[in-house]
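Note sheet for the following structure.
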Amino acid sequence: MRKQIAAANWKMNLTAQQAETLLNDVLQANIQLSDNQEAIFAVPFPYLVMTSKLVGERSNYFIAAQNCYHQPSGAFTGEVSAEMLKSIGIKYCVVGHSERREYFDETNAQLAEKINLLFKNDITPIFCCGEPLSVREAEGQNAYVEKQIQESLFHLSADELGRLVIAYEPIWAIGTGKTASTAQAQDIQQFVRSVIAKKYGADLASNIPILYGGSVKANNAAELFASEDVDGGLVGGASLVAKDFVEIIKALK
Ligand code: PGA
């Protein structure tokens, strides 16, 4: 069975003390993950080391970065490289979150560069894609997401692509309390898998975890995750409440 993942995206929230309390509270629930299940916490850069220590050697629990820069190193004041993340033992990094695309003008081509650097440093990208409301209303979501995937991923080797995690996040559902219906999530995630299958083959596509993101909550996670092509979630708001994120982890298939 392919990997099922509950990924917390803390975004730019929490002081160090709050972050420590939140993570400890989730860890203390002591959820035993099966071999194919993972819990990931995408934390702000200053907390990567502290949270990695808290997670320690617990199997299938990981800390992720929320971003990295698209150049390997150099005079880019304030930026963080994939190599830096590797050097502190980070195994996952979110790439192309819609907030970064929108507020920091990240392009599909830049995201391709980030993904290359992450693979070079043995870090698994969690690649985000998803359409804005206007595109959904015009029923253009499939073409929109296909283009994001083609322009950021289709240069990868099959070996690299096979190590990727994808998160489909409709922008109209992020932080709005408006979750995609289970049928909407399943439809487009099946489509995403078919796009990968066309280029890389059905076997490889069937092994890629495709997460859903956008107002995943404790009370809708199980229904969303039950769908064939929904392999867990990328969770913003609800990941900031320990008992809610615990329920979301428990909802994994
Ligand atoms: P949300 O955020 O769960 O608060 O909608 C999801 C995300 O942006 O990853």
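Excluded from the calculations below are hydrogen atoms, water molecules and symmetry mates; all remaining heavy atoms, backbone and side chain alike, are included. Because the structure is a prediction, the values reported are computed rather than measured. Whatever order the structure lists ligands and atoms in, that order sets their numbers, starting from 1. Quick note: residue numbers are just sequence positions, from 1.
- Atoms of ligand 1 found under 4.0 Å from any heavy atom of Gly214 (numbered from 1 in listed order, with element): 5 (O).
- Atoms of ligand 1 lying under 4.0 Å from any heavy atom of Asn9, numbered from 1 in the order shown and given with element: 9 (O).
- Between Lys198 and Glu146, at least one side-chain N (NZ, or NE/NH1/NH2) sits under 4.0 Å from a carboxylate O, which counts as a salt bridge.
- When each atom of ligand 1 is checked for a heavy atom of Glu169 under 4.0 Å away, the hits are 6 (C), 7 (C), 8 (O), 9 (O).
- By the 4.0 Å heavy-atom criterion, Lys217 is excluded from the residues contacting ligand 1.
- At least one side-chain heavy atom of Ile188 sits less than 4.5 Å from a side-chain heavy atom of Glu131.
- Taking the charged nitrogens against the carboxylate oxygens, Glu83 and Lys86 have no contact shorter than 4.0 Å, which rules out a salt bridge.
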Checklist entry - Hey, mind stepping through Gln186 and Asp229 against side-chain hydrogen bond (donor to acceptor under 3.5 Å, both in side chains) and telling me if it holds? => result CA-CA 6 Å; Gln186 167 58 25; Asp229 289 292; 2.8 Å; yes
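- Within ligand 1, the atoms closer than 4.0 Å to a non-hydrogen atom of His97 are 7 (C), 8 (O), 9 (O), numbered from 1 in the order shown.
- Shortest contact from atom 4 (O) of ligand 1 to any protein heavy atom: Gly237 N, 2.8 Å.
- Tested against Phe41, the residues Tyr92, Phe245, Phe62 include a single ring-ring contact (aromatic ring centres under 6.0 Å, His included) partner, Phe245.
- In summary, the atoms of ligand 1 found under 4.0 Å from a heavy atom of Gly175, numbered by their order in the structure, are 1 (P), 4 (O), 5 (O).
- Residue Asn30 qualifies as enclosed at atom CG: its count of foreign heavy atoms under 6.0 Å is above 12.
- You'll find the side chain of Leu54 reaches within 4.5 Å of the side chain of Asn24, heavy atoms only.
- Taking a cut-off of under 4.0 Å to the non-hydrogen atoms of Ala173, the atoms of ligand 1 that pass are 5 (O).
- Between the choices Gly236, Gly213, Ala238, the shortest heavy-atom distance to atom 3 (O) of ligand 1 belongs to Gly236.
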